[in-house]
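The shown structure was predicted, so the numbers you read here are calculated from the model rather than taken from an experiment.
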Amino acid sequence: MPVSTATLGSVSFLSQLFNPDVSSLSCFLNHTKLSTLYSKPSLLKKPSSSSLYNLKVSASSASANPKTDNSQQAEAAVTAILDNSVSTDEIKPAPAPAPARRSADWKAARAYFHSGFIYGGRVEGFNGGGLLVRFYSLVGFLPFPQLSPSHSCKEPNKTIHQIAKGLVGSILSVKVIQAEEESRKLIFSEKEAVWTKFSTQINVGDVFEGKVGSVEDYGAFVHLRFPDGLYHLTGLVHVSEVSWDLVQDVRDILTEGDDVRVKVVNIDRGKSRLTLSIKQLEEDPLLETLDKVIPPDGSADSDSLTTSNSSTIEPLPGLDAIFKELLQEDGINDVRISRQGFEKRVVSQDLQLWLSNAPPSDNMFTLLARAGRQVQEIQLATSLDQEGIKKALQRVLERVP
């Protein structure tokens, strides 16, 4: 008699018929607003190596009031670049003063921030906290935590600074996640750019090979390996999804670098977050037939379960209140504990009620209550059918605090 579970309030209510139902980027750029982004077409020209400014975390800027010569050409150039319809090499703007150039590039950075478009930035260098990335005449900052996990997974024996050194001179696809000219903060994220590309390739229920990244008190972050062999996205395996056993410390089970299989259980596209599970790829030890947990003849495997006499059984904490409420339901005439067992493994300390899939027989119906190591079989004397018992239990569990 297989069973399954759902949660009602603070008590888990289990039944096969209670099964909870367990998109990527759309960006629109208002071209009418872009008419003020650039004052001169020359601002779009890629800087030569001799014109690069001194490297720093965020670029300096200055206000300017350039003339409006060639403004229509500038607007067309910006629109073309952001629409990816032409390359910057096809645009031949006239020279412009450096302060005006920087001011216009800040406007371009804000346009990328609001549009969500991906930019190919050259890594100019790095410091203790991240990479220095070129954005036209500006230099912005890409913090190490915003790097794609593909770098560290590809070279697991290298430190983050060794990885950073190897990235100098390369072009990374990034998104602008902060562009504040006044505070001179231009921040990039490679993770966000990678999310845009690869999150459309995953769905709830997909199974991935993964590699454990950081391990925290609340769970472990796992990097997902895609068909190209690289680890592009990262999701969280909450402590409750690590194992069917009671987990006191995630570090007792998972270590950074471990190879694991995970299932995608939730995708929050708005927050670019993945929720993963390890235990859902393993058989739930509680999803067993009632007779296997407590055999009908009262016998039990001494390695997994021991039984006690029904006359000495004390109801699990919380059951007394449930029993009293059940007796208030029409069609339920009696509630009693018939058998009890003790398992050697603890799955959950919370009280769980399991509903048998078998219909009532001779006006008797069986429930299973579990908490900690204790398992108690409950017999209902009832005139209700299986669906009526479910509805009665649902009403009861909503009333019980």
Side-chain angles (χ1 to χ4, degrees), residues 1-22 244 283-301 304-401:
M1 295 177 283
V3 290
S4 57
T5 182
T7 300
L8 299 173
S10 60
V11 180
S12 295
F13 173 48
L14 296 95
S15 169
Q16 186 181 26
L17 300 185
F18 281 82
N19 291 326
D21 292 331
V22 198
W244 290 109
E283 183 180 356
D284 183 348
L286 293 183
L287 295 180
E288 301 169 332
T289 63
L290 197 62
D291 289 346
K292 184 176 180 181
V293 176
I294 306 178
D297 60 3
S299 65
D301 184 346
S304 61
L305 190 70
T306 58
T307 59
S308 59
N309 193 302
S310 60
S311 62
T312 62
I313 297 175
E314 181 178 347
L316 292 170
L319 274 185
D320 276 335
I322 292 175
F323 287 175
K324 290 178 181 178
E325 291 296 330
L326 280 172
L327 291 173
Q328 300 302 314
E329 293 288 325
D330 292 338
I332 297 180
N333 305 315
D334 186 34
V335 182
R336 62 184 178 85
I337 299 173
S338 57
R339 287 178 290 169
Q340 175 173 262
F342 293 86
E343 296 181 292
K344 290 192 173 182
R345 63 186 298 181
V346 175
V347 176
S348 175
Q349 298 289 356
D350 296 330
L351 176 63
Q352 297 178 329
L353 284 180
W354 294 66
L355 178 65
S356 172
N357 282 332
S361 177
D362 297 328
N363 292 329
M364 297 298 293
F365 189 78
T366 302
L367 297 176
L368 189 68
R370 313 180 84 148
R373 293 178 53 242
Q374 288 179 271
V375 183
Q376 294 180 349
E377 185 184 67
I378 301 165
Q379 294 291 330
L380 298 182
T382 178
S383 59
L384 300 175
D385 60 13
Q386 190 176 36
E387 187 62 28
I389 295 170
K390 287 182 196 173
K391 292 180 179 179
L393 278 170
Q394 188 172 19
R395 290 192 296 268
V396 165
L397 295 178
E398 287 174 349
R399 296 197 301 264
V400 175

Enquirer: Nearest 0.5 Å please: distance from the CD atom of Gln374 over to the CD atom of Glu314.
Expert: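 Interatomic distance, Gln374 CD to Glu314 CD, rounded to 0.5 Å: 8.5 Å.
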Enquirer: Closest approach of Gln376 and Ile313, non-hydrogen atoms and distance?
Expert: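 Answer, listing the atom of Gln376 first, then Ile313: NE2-CG2, 3.5 Å.
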Enquirer: Could you list the residues that satisfy side-chain hydrogen bond (donor to acceptor under 3.5 Å, both in side chains) with Gln379, not counting sequence neighbours?
Expert: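 Scan of Gln379 (side-chain hydrogen bond (donor to acceptor under 3.5 Å, both in side chains), adjacent residues dropped) gives Thr366.
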Enquirer: Can you tell which of Asn333, Asn363, Asp334, Ile332 makes a side-chain contact (heavy atoms from CB on, under 4.5 Å) with Thr382?
Expert: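 Checked Asn333, Asn363, Asp334, Ile332 against Thr382; only one passes side-chain contact (heavy atoms from CB on, under 4.5 Å): Ile332.
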Enquirer: Between Ile337 and Glu377, does a side-chain contact (heavy atoms from CB on, under 4.5 Å) hold up when you go through it step by step?
Expert: CA-CA 6 Å; Ile337 299 173; Glu377 185 184 67; 6.0 Å; no
Enquirer: Where is the tightest heavy-atom contact between Ala371 and Leu351, given as atom of each residue plus distance?
Expert: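 Heavy-atom minimum between the residues: CB-CA, 4.1 Å.
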Enquirer: Supply the atom-to-atom distance Leu326 CG to Ile389 CD1, rounded to the nearest 0.5 angstrom.
Expert: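 That separation rounds to 10.0 Å.
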Enquirer: Shortest non-hydrogen contact from Leu384 to Ala392?
Expert: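 For Leu384 versus Ala392, the nearest heavy atoms are CD1-CB, 4.3 Å.
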Enquirer: Quick one: side-chain hydrogen bond (donor to acceptor under 3.5 Å, both in side chains) partners of Glu329, sequence neighbours excluded?
Expert: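 With neighbours one apart ignored, the set is Arg395, Arg399.
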Enquirer: Tell me, with the steps shown, if Arg336 and Ile378 meet side-chain contact (heavy atoms from CB on, under 4.5 Å).
Expert: CA-CA 6 Å; Arg336 62 184 178 85; Ile378 301 165; over 6 Å; no
Enquirer: Would Leu367 and Val335 count as a side-chain contact (heavy atoms from CB on, under 4.5 Å) here? Give the steps.
Expert: CA-CA 10 Å; Leu367 297 176; Val335 182; over 6 Å; no
Enquirer: Tell me, with the steps shown, if Gln394 and Lys390 meet side-chain contact (heavy atoms from CB on, under 4.5 Å).
Expert: CA-CA 6 Å; Gln394 188 172 19; Lys390 287 182 196 173; over 6 Å; no
